[in-house]
Every structure is written in structure tokens, then in C-alpha cells.
Protein chains: 2
Amino acid sequence: MATDQLSLTFSALSDPTRRALLARLAGGEATVNELAEPFEMTLAAISKHLRVLEGAGLISRSKDAQYRPARLDARPLAAASEWIGDYARFWEANMDALDSYLNALQQLTTNTPSTAGETK
Amino acid sequence: MATDQLSLTFSALSDPTRRALLARLAGGEATVNELAEPFEMTLAAISKHLRVLEGAGLISRSKDAQYRPARLDARPLAAASEWIGDYARFWEANMDALDSYLNALQQLTTNTPSTAGETK
């Protein structure tokens with residue numbers, strides 16, 4: 001399994017529960033109990049997901065406090081966003097090219113007189 | 001393992017070889033042999049990575065052609081980019097708040113007359 005930062009980030013994001021946990025933490029720090037509440041999962045399962053997020057640097061957890069609240073650290077997402085952004089631009093460029101092509105095609109169809117009626 | 005589209009996309013991106021393959025395909029379609037060339041990997045290993053990318057809808061491959069060239073399909077990246085973008089904004093907002101705080105702190109420090117020299 002790849003262990004570079006970008007791979008860790010994407011791997012951590014490849015699970016809907018972990019993405020939901022990050023979404024929750026974007027609203028403020030929370031304890032494991034608070035985080036587990038909306039899920040039909042054991043605390044152990046939630047803790048495991050939190051460890052994956054922590055390993056990817058996407059959350060940080062207080063070492064001292066009794067309940068070790070977790071908080072979002074969105075910094076690794078910036079690099080991930082940048083990587084994806086390059087290819088999203090590629091996609092948009094392709095869509096623009098397709099648009100231009102379809103527009104050109106439509107103009108051609110409009111400007112060329114139809115011969116369908118004449119040969120009848 | 002999660003099988004929703006977003007999870008498949010992020011999972012496919014969680015490997016540096018697969019990201020490099022996508023980067024190569026952004027330059028145009030290529031056969032497995034062409035794709036394998038820069039890597040110290042067997043064709044079987046490259047083919048396996050391509051199957052993961054294909055499963056996530058990130059590449060498409062010709063069914064008929066003898067060499068089945070692969071081509072990038074960046075559409076799933078748009079959704080991934082959107083998801084990450086929301087949190088990148090969260091991060092930027094946090095950075096802006098920190099900036100404002102530091103600026104305010106600096107102004108406070110500048111405007112408050114120092115008493116260090118007076119007590120001497």
C-alpha cells in the first residue's frame with residue numbers, strides 16, 4: 001500500500017463513513033461518542049476510521065483531554081484538491097472542445113440548404 | 001470496501017502509479033505497452049492498475065482494437081474535485097481567520113505604546 005501523503009489522503013477519503021466524519025468535524029471538534037451517534041456502528045469501528053483519518057493528517061486529536069476530541073485539519077486536502085484540479089481542467093477543456101464542435105456542426109446544418117424537398 | 005462512485009474514485013487515486021498513468025493519459029490515449037514503458041513493472045501489474053482505473057470509470061478502453069488503447073475519462077474527477085473543494089474552502093476560511101487574527105494582533109502591538117523603556 002502506498003504511503004506517500006497524497007495516497008494516504010485519497011485512501012482516507014475512499015470511504016463514505018470517513019467522509020461523513022470529516023463533514024461533521026468541519027462543524028467543530030467532537031468526541032468519539034458524539035461522532036458515533038448518527039452511525040449504526042460500534043465505537044470501535046468509529047475509532048478505527050478516526051485512526052485512518054489521523055494517520056493521513058486529516059484530523060488531530062488532543063492527547064491529554066479525557067475524551068480526546070477530534071478536530072478537522074484540512075491542509076492535506078489542499079494538495080489533493082490541487083492534484084484533482086489539474087484533471088478537472090482537462091475535463092472542462094474537453095467539454096469546451098465538444099461544445100465548440102457541436103456548435104460548429106449546428107451552424108453547418110443550419111446554413112446548408114436542405115435538398116430533401118427538392119428531389120421529390 | 002466501499003463501492004459508491006466517490007469512494008471508487010478516491011480509492012483509484014490512492015496509488016502513485018495509477019496517478020502517473022492518468023497523468024500520462026491526459027496527454028492522449030496509449031496502449032498498455034506504451035503505458036508500462038516508464039515503470040519498472042510487469043505488464044500484468046500495469047494491467048491490474050488499469051483495471052482499477054477502468055472500474056472507477058477514470059479510463060475507458062477500446063473493446064475491439066487489438067491493443068486496446070486506454071483513454072482518460074476525467075468525469076468522475078469532477079465530483080471528487082467538488083467534494084474536496086468544499087473542505088479546501090473550509091481550510092482557506094480558517095487561514096483567512098488566522099490572517100485576520102494575526103493582523104489584528106500586529107496592529108494592537110503597534111498601536112499600544114511600549115512601557116518597556118519607561119520603567120527603566
Side-chain angles (χ1 to χ4, degrees), chain A residues 1-29 39 41 45 48-49 52-53 55-60 71-98, chain B residues 1-29 39 41 45 48-49 52-53 55-60 71-98:
Chain A
M1 220 166 81
T3 55
D4 61 282
Q5 180 55 56
L6 208 44
S7 297
L8 286 176
T9 305
F10 284 130
S11 183
L13 295 178
S14 70
D15 181 278
T17 303
R18 287 198 291 270
R19 292 197 302 277
L21 290 170
L22 290 177
R24 164 66 185 80
L25 291 171
E29 63 175 35
F39 297 100
M41 279 191 184
K48 197 175 166 188
H49 281 308
V52 175
L53 292 172
L58 287 163
I59 65 168
S60 58
R71 62 165 59 214
L72 178 64
D73 185 345
R75 278 174 297 178
L77 294 178
S81 179
E82 199 173 320
W83 192 92
I84 290 196
D86 286 345
Y87 297 94
R89 273 195 290 281
F90 171 85
W91 177 67
E92 280 160 14
N94 270 9
M95 287 300 104
D96 286 350
L98 184 62
Chain B
M1 221 166 79
T3 55
D4 62 282
Q5 180 55 57
L6 209 45
S7 297
L8 286 176
T9 305
F10 284 131
S11 183
L13 296 178
S14 69
D15 180 278
T17 302
R18 287 197 291 270
R19 292 197 301 278
L21 290 171
L22 290 178
R24 165 64 185 82
L25 289 171
E29 64 175 33
F39 297 100
M41 280 190 182
K48 197 176 167 189
H49 281 307
V52 175
L53 292 172
L58 287 163
I59 65 168
S60 58
R71 62 166 59 213
L72 179 63
D73 186 346
R75 279 175 296 180
L77 295 178
S81 180
E82 200 173 319
W83 192 91
I84 290 195
D86 287 345
Y87 297 93
R89 274 195 291 282
F90 172 86
W91 176 67
E92 279 161 15
N94 269 9
M95 286 299 104
D96 286 350
L98 183 63

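Order of the sequence lines sets the chain letters (A, B, ...), proteins ahead of strands, with each chain counted from 1. What you see is a predicted model, and the numbers here were worked out from it, not measured in a lab.
In terms of the side-chain hydrogen bond (donor to acceptor under 3.5 Å, both in side chains) criterion, residue partners of A:Arg19 (sequence neighbours excluded) are, by chain and number, B:Asp4, B:Ser7. Among residues two or more places apart in sequence or in another chain, the side-chain hydrogen bond (donor to acceptor under 3.5 Å, both in side chains) test is passed with A:Thr9 by A:Gln5.
Looking at heavy atoms from C-beta onward, A:Leu58 lies out of side-chain contact with A:Leu25 at the 4.5 angstrom threshold.
Neither the backbone nor the side chain of B:Ala12 comes within contact range of chain A; no heavy atoms are under 4.5 Å apart. Using a 4.5 Å cut-off between heavy atoms, A:Leu8 makes no contact with chain B at all.
Interface check for chain A: of the options B:Ile84, B:Thr17, B:Thr3, B:Leu22, the most heavy-atom pairs under 4.5 Å are formed by B:Ile84.
Atoms CD1 and CG, on B:Ile59 and B:Leu21 in that order, are 8.0 Å from each other to the nearest 0.5 Å.
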